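A short worksheet on the structure shown next.
All residue numbers refer to positions in the sequence shown, counting from 1. The model shown is predicted, which means the values in this text are computed figures rather than measured ones.
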Amino acid sequence: MTYVVPYSGISNRPGDEEIKAVTQALTQDTLAMGPCGKEFEARLGDFLGARHVQATSSCTTALFLAAQVLELQPGDEVITTPQTFWVTTWPLQARGCVIKFADIDPDSLNIDPATIEPLVTERTKSIWVVHYGGQAVDMDPVMEIARRHGLTVVEDCAHVAGGTYKGRALGTIGDIGCFSFHSLKNMTTGEGGAFVTRDDRYAEMARALGTIHVWGPMREREEPAIGPYRQPAYYRDAHVLRSYTHDYVDGRYLVGNNFRMSELSAALGIVQLGKLDRLNGRRREIAHRLDEGIRDVPGIRVQNEKPYARHVYHLYTLFYDPETVGAPKDDFIKHLQEEEGIEIVVRYFPIHLLPEFRSLGHRYGECPVAERTYFEHQIQLPIYDHLTDAQVEHMIGAVHRGVAALRS
């Protein structure tokens with residue numbers, strides 16, 4: 001089917017500036033761990049006002065680093081949201097953590113801070129929040145809960161590059177922030193992400209563990225030698241590391257992985273970061289026009305922009321009321337797709353109801369707000385930088401016509 005408004009696989013279309021930057025990077029002496037990566041990290045740090053930034057191959061790998069530097073152990077409890085892409089929880093599952101799902105606010109679709117504290121036990125170690133769809137979680141009460149109970153906070157910022165909470169850049173409020181620059185995100189490096197923290201130790205650990213190194217407590221050897229062979233004075237083998245000079249204490253160490261961003265991705269990211277405010281501005285313009293056009297349709301509710309947040313609309317969400325319209329949500333989505341040519345992708349299915357979590361005892365009824373909102377109300381319309389004004393107006397008209405057709 002040819003859609004009038006398709007779901008786009010890219011957030012914005014790269015232009016001559018991006019092509020020039022990537023082409024120039026191809027002439028470098030290295031395509032890994034070179035000047036583009038360092039520059040991208042520095043510029044992103046300046047943009048966010050962040051103490052430490054490490055570019056990664058994805059948000060997923062940044063989240064894996066977060067779980068590792070926090071040294072989460074099997075049986076440790078982590079509280080998070082069911083309204084997210086499932087990979088938010090993968091690093092926690094990989095480390096054998098017990099995941100507890102708080103419920104969500106029915107408008108922002110973010111974690112509801114009031115549902116977090118009842119889940120805290122003596123085994124709780126961390127709270128992982130997701131700034132859903134481009135709008136900030138209400139972070140002050142989350143941080144207050146964390147301080148009261150001595151918990152760490154990780155911000156999954158996959159949707160909110162350029163978003164703010166009370167004037168502060170998201171990703172800099174909790175202990176660690178993890179960003180995505182996937183093709184769908186507001187700014188893109190194709191695949192890519194970033195690990196952000198103000199904590200010097202977390203940053204040092206992440207740099208080692210994300211770049212194929214090992215981390216653990218070490219003690220200095222009495223003599224810089226391996227058997228009869230002393231450390232060479234006139235050459236260096238990078239693979240030796242500290243083999244001549246140090247030993248790990250009691251065999252305690254963490255093994256790292258290769259989570260680095262490529263030079264080509266970083267070159268693309270430098271240009272995209274320079275455009276981010278404009279790109280987010282275009283999304284806000286589209287979202288506000290959609291809000292204006294459909295807010296008075298019976299049975300349709302638009303999402304509110306919270307007074308504490310600058311919403312950057314990675315997703316555009318509306319809420320459908322099947323009782324007012326007199327037909328289930330699926331009928332409305334079918335009309336938008338088949339009659340109006342608008343490709344709809346609904347995000348996200350409540351992850352506590354995925355088979356892997358059901359096998360661990362999670363169940364329907366655990367997060368009633370998230371469940372009711374997903375199954376009955378929430379719908380996402382396509383939103384990306386290269387939507388035309390005509391496509392935006394078509395979506396507005398389609399919502400009006402769809403509701404009218406179902407009500408009749």
Side-chain angles (χ1 to χ4, degrees), residues 11-12 14 17-18 20-22 24-25 28 31-66 69 129-131 134 136 139 153-165 167-200 202-211 258-281 283 310 312 314 385:
S11 60
N12 67 94
E17 195 175 356
E18 284 89 351
K20 180 180 178 181
V22 172
Q24 187 171 345
Q28 294 176 179
L31 296 180
M33 301 179 70
C36 292
K38 293 183 177 68
E39 182 179 352
F40 178 63
E41 289 176 346
R43 291 197 181 199
L44 183 58
D46 289 343
F47 181 84
L48 296 172
R51 184 179 177 89
H52 300 287
V53 172
Q54 179 175 338
T56 60
S57 55
S58 67
C59 185
T60 303
T61 54
L63 289 164
F64 268 87
L65 279 177
V69 304
V129 302
V130 178
H131 301 295
M139 289 300 295
V153 175
V154 173
E155 297 176 70
D156 182 333
C157 300
H159 293 182
V160 288
T164 59
Y165 176 78
R168 296 177 62 186
L170 296 174
T172 66
I173 300 168
D175 296 278
I176 295 169
C178 299
F179 287 84
S180 173
F181 308 120
H182 178 271
S183 180
L184 293 174
K185 300 306 190 293
N186 293 30
M187 62 164 280
T188 181
T189 59
E191 290 278 8
F195 174 98
V196 174
T197 186
R198 63 178 174 276
D199 187 284
D200 295 344
Y202 292 161
E204 186 179 0
M205 290 178 71
R207 185 65 69 178
L209 294 170
T211 55
N258 182 2
F259 293 155
R260 298 189 301 250
M261 177 181 282
S262 77
E263 284 290 279
L264 299 182
S265 291
L268 184 57
I270 291 166
V271 178
Q272 287 270 296
L273 183 60
K275 296 180 175 182
L276 182 56
D277 284 339
R278 179 183 64 77
L279 295 171
N280 284 341
R283 284 176 176 265
R310 181 177 185 270
V312 293
H314 171 62
D385 178 71

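The two residues Thr188 and Asn12 have their closest heavy-atom pair at CG2-ND2, 4.3 Å. Of all heavy-atom pairs spanning Val196 and Gly171, the tightest one is CG1-O, 3.7 Å. Heavy-atom minimum distance, Ala25 versus Leu31: O-CD2, 3.5 Å. Between Leu48 and Leu170, the closest heavy-atom pair is CD2-O, 4.1 Å. Val69 and Ala206 get closest at one heavy-atom pair: CG1-N, 3.7 Å.
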**OP:** Apply salt bridge (charged side-chain N to carboxylate O under 4.0 Å, His left out) to the pair Lys185 and Glu191, showing each step before the final yes or no.
**Re:** CA-CA 10 Å; Lys185 300 306 190 293; Glu191 290 278 8; over 6 Å; no

**OP:** Evaluate side chain to side chain contact (heavy atoms under 4.5 Å, CB included) for Val129 paired with Val154, printing each intermediate quantity in order.
**Re:** CA-CA 6 Å; Val129 302; Val154 173; over 6 Å; no

Subject >> side chain to side chain contact (heavy atoms under 4.5 Å, CB included) evaluation trace for Leu65 with Gln54 >> reply: CA-CA 10 Å; Leu65 279 177; Gln54 179 175 338; 3.9 Å; yes

**OP:** Please step through side chain to side chain contact (heavy atoms under 4.5 Å, CB included) for the pair Asp200 and His52, ending with a clear verdict.
**Re:** CA-CA 8 Å; Asp200 295 344; His52 300 287; 2.7 Å; yes

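Atom-to-atom distance recorded for Ser262:OG and Met33:CE is 13.0 Å, nearest 0.5 angstrom. Atom CD of Gln24 sits about 12.0 Å away from atom CG of Leu264, to the nearest 0.5 Å. In this structure, the separation between CG on Asp199 and CD1 on Ile176 is 7.5 Å, given to the nearest 0.5 Å. Ile173 CD1 to Arg168 CZ: the interatomic distance, rounded to the nearest 0.5 Å, is 5.0 Å. Taking SG from Cys59 and CZ from Phe64, the interatomic distance works out to 11.5 Å, rounded to the nearest 0.5 Å. Note that CG of Leu44 is 12.0 Å distant from CD of Glu39, once rounded to the nearest 0.5 Å.
Counting only N and O atoms by type, the side chains of His131 and Asp156 include no donor and acceptor under 3.5 Å apart.
A donor-acceptor pair is defined here as one N or O able to donate and one able to accept, closer than 3.5 Å; no such pair exists between the side chain of Thr56 and the backbone of Arg260. Looking only at distances, no side-chain donor or acceptor of Ser265 sits under 3.5 Å from a matching main-chain atom of Met261. A donor-acceptor contact shorter than 3.5 Å is absent between the side chain of Ser58 and the backbone of Gly192. The closest donor-acceptor contact from the side chain of Asp175 to the backbone of Val153 lies under 3.5 Å.
You'll find the side chain of Gln272 reaches within 4.5 Å of the side chain of Leu279, heavy atoms only. Using a 4.5 Å heavy-atom cutoff, the side chains of Leu273 and Met187 are in contact. Contact check for Val53 versus Phe47: no side-chain heavy atoms found under the 4.5 Å cut-off. Between Arg310 and Val312 there is a side-chain heavy-atom pair separated by less than 4.5 Å. Put simply, the side chain of Glu155 does not reach to within 4.5 Å of the side chain of Thr172, judged on heavy atoms. Under the 4.5 Å side-chain criterion, counting only non-hydrogen atoms from C-beta, Glu18 is in contact with Leu268. You'll find the side chain of Arg283 reaches within 4.5 Å of the side chain of Asn186, heavy atoms only. With contacts defined as side-chain heavy-atom distances shorter than 4.5 Å, the pair Thr211/Phe259 does not qualify.
With sequence neighbours excluded, the residues satisfying side-chain hydrogen bond (donor to acceptor under 3.5 Å, both in side chains) with Gln28 are Glu263.
Residue pairs meeting the ring-ring contact (aromatic ring centres under 6.0 Å, His included) criterion with at least one partner in residues 167-195, sequence neighbours excluded, are Phe40-Phe181.
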